[in-house]
Amino acid sequence: MSLYYSGMATGLKPISPKRYVLGCPWPSGQEWFWAILFGMLLPVGLTLLRHLHLPTAVRYLIPAVLLFAGAQYLRALVRNMRRQMDELQLRIYLEAAAVVVCGLFILMLTYPLLEAAHLVGALDCYVVLGLIVVLGIVGYISGVRRYR
């Protein structure tokens, strides 16, 4: 299996094989822009909402802008993945994403029970982010081993 782009026909213009290394797609400019914008707006939005008394319209606008930036990042990410990956690598990433989604679903449903038993603390964004990372790694390793 090659470490570079295999030339899968997706209808999108392929990019240079030099920009695809070790099974990971190289982020496009749009991907960087939306990721950085989202990453900068998130702490600003949280700070504004927690420490200032804002009008209702502004309180609703801040999460809407963050959700829009996050959706645009996902759109750019998926488009970039389709452009750079072959079918096998896409299948591995899809399997890893399925593990993340299903694992989070199960853990979020059982989290109140774990919290009531004093096995875990309060649920916050860092716990969810940690779960996404761990489940993503487990799903990716499982997919790579399966299609070896």
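Counting from 1, the numbers follow the sequence of the chain as shown. Side chains included, hydrogens not; waters and symmetry mates left out as well; all remaining heavy atoms used.
- One hydrophobic cluster, built from ILVMFWY side chains closer than 4.5 Å, cannot hold both V144 and V138; they sit in different ones.
- Under the 4.5 Å side-chain heavy-atom criterion for ILVMFWY residues, a single connected hydrophobic cluster contains both L119 and L104.
- With sequence neighbours excluded, the residues that form a ring pair (Phe, Tyr, Trp, His ring centres under 6.0 Å) with F68 are W34.
- Qualifying salt bridge (Lys or Arg N to Asp or Glu O under 4.0 Å) partners for R146, counting only residues two or more places apart in sequence or in other chains: E95.
- M81 approaches L90 most closely through the heavy-atom pair O-CD2, 4.0 Å.
- Cluster membership check: V101 does not share its hydrophobic cluster with L131, using side-chain heavy-atom separations under 4.5 Å among Ile, Leu, Val, Met, Phe, Trp and Tyr.
- Both L135 and L123 are members of a single hydrophobic cluster when ILVMFWY side chains are connected at heavy-atom separations under 4.5 Å.
- The structure places CG of D86 at 8.0 Å from CD1 of I92, a figure rounded to the nearest 0.5 Å.
- Residues passing the side-chain contact (heavy atoms from CB on, under 4.5 Å) test with A96, sequence neighbours excluded: Y140.
- The list of salt bridge (Lys or Arg N to Asp or Glu O under 4.0 Å) pairs with a residue in residues 110-128, not counting sequence neighbours, is empty.
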Q | Evaluation steps, side chain to side chain contact (heavy atoms under 4.5 Å, CB included), between R75 and R79 | A | CA-CA 6 Å; R75 183 177 155 270; R79 184 170 188 243; 5.5 Å; no

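- In this model, no donor atom of one side chain and acceptor atom of the other lie less than 3.5 Å apart for S142 and R145.
- Y73 approaches E31 most closely through the heavy-atom pair CD1-O, 3.5 Å.
- Hydrophobic clustering of Ile, Leu, Val, Met, Phe, Trp and Tyr side chains at less than 4.5 Å, counting indirect connections, keeps I106 apart from V100.
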Sequence neighbours excluded and cut-off under 3.5 Å, please list the side-chain donor-acceptor pairs for residues 35-54, or say none.
from	atom 1	to	atom 2	distance (Å)
T47	OG1	P43	O	2.7

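- Other members of the cluster containing V133 are I137, I141, with ILVMFWY side chains joined at under 4.5 Å, either directly or via other members.
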